[in-house]
J.: 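I have a structure I would like to understand better, so I am pasting it below and will then ask my questions one at a time.
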Amino acid sequence: MFLDRLFKTSRVYHHQDSHQHHPHAQVEDNTTGITTKKSGTREIKVVRRVLDVNEKMAEENRRVFAEKSVFVINVMSSPGSGKTTTLEKTLAHIMPDIRTAVIVGDICTTNDADRLAVSGAPVVQINTDEFGGDCHLAAHVIEKATGGLELDNIDLLIVENVGNLVCPAEFDIGEDTRVVVLSVTEGEDKPVKYPLMFRECEAALLNKIDLLPHLDYDKQKALDCIHQIHPDMPVFEISAKTEEGFGPWLEWLKAKVKQKIDAR
Amino acid sequence: MHEMGIALQIVEIATASIPPDSGNVRVAKVNLKIGKLAAVVPDSLRFCFDVAVKDTPLDGAKLAIAELPVVARCNDCHTQWTIKGPAFRCESCDSGSLEIISGRELDIESIEISEEDTHVSG
């Protein structure tokens with residue numbers, strides 16, 4: 001589609017090139033999208049999203065996941081919020097009833113994959129670079145990683161994104177939903193500092209609540225900050241260590257997976 | 001944080017947008033729109049862009065960035081307003097159900113090309 005436009009632009013361009021020589025006038029023809037500026041430069045309309053390569057790939061992933069009835073959840077957080085422990089415990093509860101696979105993104109090491117593989121779920125580790133690489137997982141990386149998974153035998157694909165509250169929110173990977181994990185050892189105002197992340201996610205997990213008695217953390221303030229960015233966002237207060245509060249989170253997740261399977 | 005990747009993507013799209021058979025031309029300017037909610041830092045992007053254009057038809061090109069505000073529309077009372085601080089609730093009826101009309105953009109609007117060896121101002 002883009003090529004069509006490019007060729008069209010190119011034809012028109014030559015037409016204009018041979019007929020218009022008004023270096024002192026700014027001539028614009030709205031039908032061609034080409035403007036000749038006073039300086040003699042020609043402005044060519046492009047109107048293309050910079051990330052559209054990623055978006056097209058994400059749509060393709062989404063199509064494949066729909067065809068195979070795989071529910072895909074993109075889990076994001078800052079480093080150290082307890083994503084991996086939360087997922088370890090989650091896997092222990094939902095496997096083998098919900099056939100789950102995991103894609104783990106880290107800049108470096110296979111530590112997280114080793115921990116998650118204990119559950120028996122197939123795990124694909126993605127290292128964005130050995131010495132400090134990409135800050136997020138992009139759609140083409142997910143496409144490659146799913147090549148090693150038997151999607152026909154999977155109900156749920158969990159993508160543990162690179163620990164980062166900024167960039168992963170910007171990249172669609174073809175997921176069905178996004179959740180963000182934050183913990184009570186971080187600042188209460190994290191949501192307002194990273195609005196896009198909290199805006200883009202469907203639900204939040206507030207982790208490490210077992211530590212609350214030992215901290216000066218104002219939980220209500222944190223919840224207010226979340227709802228300032230995303231009013232009505234469901235927040236699951238959990239402790240990945242003690243599994244306190246896991247019930248509602250697991251129910252929510254199971255209902256989502258079931259919904260997709262039922263749509264088969 | 002991933003501004004270099006974005007800069008390389010811009011160079012690729014701009015290069016592909018030069019009409020074929022147009023001879024020795026170079027891209028003098030790239031006009032870009034960035035929404036305030038796009039998690040892209042214009043200064044970092046300009047820095048990366050200046051590095052990414054080396055040895056391409058964009059060498060020396062200027063990156064003109066228009067920053068777009070975050071505009072939302074309430075799904076309940078249809079009020080439309082510009083979100084200035086990080087608060088996403090309807091100014092008028094306090095509803096939390098809203099649609100982001102603009103602010104997520106990261107779009108190349110146009111490129112400006114000139115013949116090789118022509119001095120370009122601006």
Side-chain angles (χ1 to χ4, degrees), chain A residues 2-3 5-14 16-17 33-54 128 133-136 138 162 164-171 189 191-200 225 227-233, chain B residues 1-3 5-10 12-14 16-23 25-41 45 70 83 85-90 94-98 100 103-115 118-122:
Chain A
F2 169 65
L3 277 177
R5 196 173 66 234
L6 188 67
F7 287 129
K8 201 169 151 197
T9 308
S10 126
R11 276 199 301 276
V12 173
Y13 173 80
H14 288 292
Q16 180 140 356
D17 195 34
I34 297 185
T35 313
T36 305
K37 306 206 118 188
K38 277 181 187 170
S39 58
T41 61
R42 290 184 189 83
E43 182 174 0
I44 298 168
K45 281 234 185 315
V46 178
V47 197
R48 215 177 129 186
R49 296 170 62 81
V50 175
L51 298 178
D52 76 349
V53 173
N54 184 71
T128 56
D134 261 345
C135 42
H136 61 271
V162 180
N164 177 347
L165 282 177
V166 187
C167 314
E170 195 59 30
F171 290 84
D189 58 351
V192 272
K193 285 179 173 168
Y194 303 94
L196 184 64
M197 178 60 76
F198 286 85
R199 193 64 220 166
E200 285 290 304
C225 285
H227 292 130
Q228 188 182 328
I229 299 299
H230 194 151
D232 312 322
M233 186 186 214
Chain B
M1 215 177 270
H2 49 262
E3 274 81 358
I6 291 171
L8 292 168
Q9 203 57 246
I10 292 171
E12 200 179 312
I13 294 173
S17 304
I18 299 172
D21 312 325
S22 51
V25 291
R26 63 186 189 84
V27 176
K29 195 173 170 189
V30 175
N31 292 306
L32 190 71
K33 284 202 297 202
I34 301 182
K36 290 258 195 203
L37 203 55
V40 174
V41 184
L45 184 58
V70 184
I83 297 182
F88 292 73
R89 203 172 262 288
C90 178
D94 206 39
S95 164
S97 168
L98 47 92
I100 304 288
R104 293 287 322 266
E105 295 82 356
L106 183 52
D107 304 338
I108 298 185
E109 269 296 284
S110 64
I111 57 171
E112 293 177 25
I113 61 171
S114 64
E115 305 306 319
T118 308
H119 174 74
V120 181
S121 59

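In this text the structure is predicted, and so the values were computed from the model without any measurement. Residue numbering restarts at 1 for every chain, and letters A, B, ... go by the order of the sequence lines.
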J.: Between B/Leu98, B/Ile100, B/Val30, who has the most heavy-atom pairs with chain A when the cutoff is under 4.5 Å?
T.: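 Top option by heavy-atom pairs under 4.5 Å: B/Leu98.
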J.: Report the distance from atom CD of B/Glu112 to atom CD of A/Glu43, rounding to the nearest 0.5 Å.
T.: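 Reported to 0.5 Å precision, the distance equals 4.5 Å.
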J.: For the atom pair CD (A/Glu200) and CD (A/Glu170), what is the distance rounded to the nearest 0.5 Å?
T.: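 Reported value, rounded in 0.5 Å steps: 8.0 Å.
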J.: I need the residue from A/Ile229, A/Asp232, A/Val192 with the largest number of non-hydrogen atom pairs under 4.5 Å to chain B.
T.: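 Result: the option with the highest number of such pairs is A/Ile229.
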J.: I'd like to know which of B/Ser95, B/Ser110, B/Ala87 tops the heavy-atom pair count under 4.5 Å against chain A.
T.: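 Highest number of heavy-atom pairs under 4.5 Å: B/Ser110.
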J.: Would you mind checking which part of B/Ala14 comes under 4.5 Å of any heavy atom in chain A, side chain (CB onward), backbone (N, CA, C, O), both or neither?
T.: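 No part of it gets close to chain A.
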J.: Do the ring planes of B/His2 and A/His136 sit parallel (below 30°), tilted (30 to 60°) or perpendicular (above 60°)?
T.: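 It falls in the perpendicular class, over 60°.
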J.: Answer with side chain, backbone, both or neither: which region of A/Ala169 has an atom nearer than 4.5 Å to a non-hydrogen atom of chain B?
T.: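 Contact with chain B involves the backbone of A/Ala169 alone.
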J.: Do any N or O atoms from the side chain of B/Glu3 and from the backbone of B/Val41 form a donor-acceptor pair under 3.5 angstrom?
T.: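 Here the side-chain-to-backbone pair exists.
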J.: Any carboxylate oxygen within less than 4.0 angstrom of a Lys/Arg side-chain nitrogen, looking at A/Arg49 and B/Glu105?
T.: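 Salt bridge between A/Arg49 and B/Glu105, a charged N being under 4.0 Å from a carboxylate O: no.
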J.: Between B/Arg89, B/Glu109, B/Lys33, who has the most heavy-atom pairs with chain A when the cutoff is under 4.5 Å?
T.: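 Answer, by heavy-atom pair count under 4.5 Å with chain A: B/Glu109.
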